[in-house]
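Note that the structure is a prediction, hence the values are computed from the model and not measured. One-based numbering, in listed order, for ligands and for the atoms of each.
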Amino acid sequence: MLEIKDLTVRFGGLVAVDNLSMKVEKGVIHSLIGPNGAGKSTVFNAICGLVKSTGKVEIEGHDISKLPAFKRSNFGIGRSFQNIVIFKYMTILENLMVGYHIKTNYGIWDQIFKTEKKKIYEEKAWKRAVDVADILGLKNKLGLFAGNLPYGIQKLVDVGRALMVEPKILLLDEPAAGLTEVETQNLKNALVKLKNMGLTILLVEHDMNLVMDISEKITVLNFGKKIAEGRPDEIRNNKEVIKAYLGDEAYA
Ligand SMILES: Nc1ncnc2c1ncn2[C@@H]1O[C@H](COP(=O)(O)OP(=O)(O)OP(=O)(O)O)[C@@H](O)[C@H]1O
Ligand SMILES: [Mg+2]
């Protein structure tokens, strides 16, 4: 589904992502983990074309690494951001519909004259929002203001917004951060459901129980470099990984 080859991202003298190669197979949940500052969010930004990078990013065999960000979403990438941006004074329905803007195909004249084209677009966005809400169990909350809802629901809305473009691959950056145990369980069910519907998910997450529970494969970054990759049971006991998280003193 997604293949990254020799991806490097530099910020001045800092090499945030260092010659990373990895493959995300279709229809799996693949997690990208590592200590703070390891380069995980930067990998997402590079996939989406939001930072300058060298190397290749391929979606289903298409090299998208030279394309500007707005063209990359056409290849079926949906993403959420680490710092949740939710419109508090908008309803869940409206928040979801914002995620559809990328598919906008009408111009200023359609807007002014409220043309048929605009009507069809809005109807499609509305239908998709209802479908997405249904998948995430938010259907009975569509009319509520997002700002009044528990954080766990807001994070689900954030995931939902990324789903609006009907992505083939969903990039989620710490969707469980700040969630209670029950909310995390809810999120977990939603992610497994999406996977079972055929979606591929690349997950950045610090909640190790969640990662170990739902991932088919895990890639571990430290200082921008891949230090391990494998199934959860392989990663759990990997010495390099334990060292990266706990430091050398873990072996003292
Ligand atoms: N726009 C930027 N300009 C300069 N340095 C940056 C920029 N974005 C990230 N960095 C640096 O790149 C490194 C990797 O950051 P990144 O946000 O990708 O880490 P992360 O693995 O997502 O960490 P966290 O788990 O804390 O979210 C860090 O040292 C960070 O300070
Ligand atoms: Mg990050």
Side-chain angles (χ1 to χ4, degrees), residues 2-24 29-57 64-65 67-70 72 77-86 151-152 154-159 161-162 167 169-179 183-184 187-188 191 200-215 217-230 232 235-236 238 240-248 250:
L2 168 71
E3 185 165 5
I4 292 169
K5 293 178 188 160
D6 305 321
L7 186 76
T8 298
V9 180
R10 288 169 207 277
F11 297 114
L14 176 83
V15 187
V17 180
D18 196 351
N19 222 27
L20 173 70
S21 296
M22 64 185 278
K23 255 188 198 179
V24 179
I29 298 180
H30 187 137
S31 289
L32 180 63
I33 67 169
N36 292 115
K40 306 176 298 292
S41 297
T42 305
V43 170
F44 275 18
N45 288 337
I47 293 170
C48 296
L50 298 175
V51 292
K52 240 184 165 171
S53 62
T54 58
K56 267 194 183 158
V57 178
I64 61 165
S65 48
L67 296 176
F70 73 96
R72 295 192 188 196
I77 308 171
R79 90 166 275 188
S80 78
F81 286 84
Q82 184 167 359
N83 299 308
I84 182 170
V85 188
I86 202 129
Y151 191 63
Q154 297 191 16
K155 289 286 263 193
L156 272 185
V157 173
D158 201 35
V159 173
R161 216 165 25 192
I169 182 163
L170 187 60
L171 313 182
L172 297 177
D173 200 345
E174 299 195 27
L179 299 194
E183 288 172 336
T184 304
L187 173 76
K188 177 176 148 185
L191 297 186
T200 307
I201 300 176
L202 181 57
L203 176 69
V204 165
E205 186 47 62
H206 282 294
D207 182 332
M208 279 311 128
N209 289 330
L210 178 64
V211 166
M212 293 294 165
D213 262 11
I214 65 173
S215 313
K217 196 171 169 188
I218 300 173
T219 301
V220 189
L221 281 188
N222 196 21
F223 295 113
K225 279 198 170 78
K226 178 158 92 178
I227 58 165
E229 191 165 65
I235 295 303
R236 201 192 298 270
N238 183 297
E240 278 293 310
V241 177
I242 298 169
K243 201 165 104 184
Y245 274 94
L246 302 176
D248 280 328

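Of the protein's non-hydrogen atoms, Gly37 N, 2.8 Å is the one closest to atom 23 (O) of ligand 1. Atom 3 (N) of ligand 1 has its closest protein heavy atom at Phe11 CD2, 3.5 Å. Ser41 CB, 3.8 Å is the protein heavy atom nearest to atom 17 (O) of ligand 1. Protein heavy atom in closest approach to atom 27 (O) of ligand 1: Gln82 NE2, 2.8 Å. Lys40 NZ, 2.7 Å is the protein heavy atom nearest to atom 25 (O) of ligand 1. Atom 26 (O) of ligand 1 has its closest protein heavy atom at Asn36 ND2, 2.9 Å.
Salt-bridge formation is detected for the pair Asp213/Lys188: a Lys NZ or Arg NE/NH1/NH2 atom is positioned less than 4.0 Å from an Asp or Glu carboxylate oxygen. Lys155 has no carboxylate O lying under 4.0 Å from a charged side-chain N of Asp158, or vice versa, which leaves the two without a salt bridge.
With a heavy-atom cut-off of 4.0 Å, Val43 does not touch ligand 1 at all.
One N or O on the side chain of Arg72 and one on the backbone of Ser65 form a donor-acceptor pair closer than 3.5 Å.
For the pair Leu187 and Leu210, the minimum side-chain heavy-atom distance is below 4.5 Å. Contact annotation: the side chain of Cys48 approaches that of Arg79 to within less than 4.5 Å [non-hydrogen atoms, C-beta and beyond]. Side-chain contact between Tyr245 and Asn222 is absent, with no heavy atoms from C-beta onward closer than 4.5 Å.
The closest approach between any non-hydrogen atom of Gly39 and ligand 1 is below 4.0 Å.
Geometrically, ligand 1 and Ala38 share a nitrogen or oxygen pair separated by less than 3.5 Å.
Atom CG of Leu50 and atom OG of Ser41 lie 11.5 Å apart (nearest 0.5 Å). Between the CG atom in Asp6 and the CG atom in Asn19 there is a gap of 4.5 Å [rounded to 0.5 Å].
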Open item on the list: Run the side-chain contact (heavy atoms from CB on, under 4.5 Å) test on Asp207 and Glu174 for me, step by step, so that the C-alpha distance in whole Å, both residues' side-chain angles and the decisive distance to 0.1 Å come before the verdict.
Closed with: CA-CA 8 Å; Asp207 182 332; Glu174 299 195 27; over 6 Å; no
Apply the test side-chain contact (heavy atoms from CB on, under 4.5 Å) to residues Val211 and Ile218: give CA-CA distance (whole Å), side-chain angles for both, the deciding distance (0.1 Å), then the verdict. CA-CA 8 Å; Val211 166; Ile218 300 173; 3.7 Å; yes
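Within ligand 1, the atoms closer than 4.0 Å to a non-hydrogen atom of Thr42 are 9 (C), 14 (C), 15 (O), 16 (P), 18 (O), numbered from 1 in the order shown. Residue contact check: Leu14 has heavy atoms under 4.0 Å from atoms 11 (C), 12 (O), 13 (C), 29 (O) of ligand 1. Proximity to Glu174 (heavy-atom distance under 4.0 Å) selects the following atoms of ligand 1: 25 (O), 27 (O).
Here the protein contributes Ser41 OG, Gln82 OE1 as N, O or S atoms under 2.8 Å from the Mg ion (ligand 2).
The heavy-atom pair separating Val241 from Ala228 by the smallest distance is CG2-CB, 3.5 Å.
Under 3.5 Å, the side chains of His30 and Thr219 contain a donor-acceptor pair of N or O atoms.
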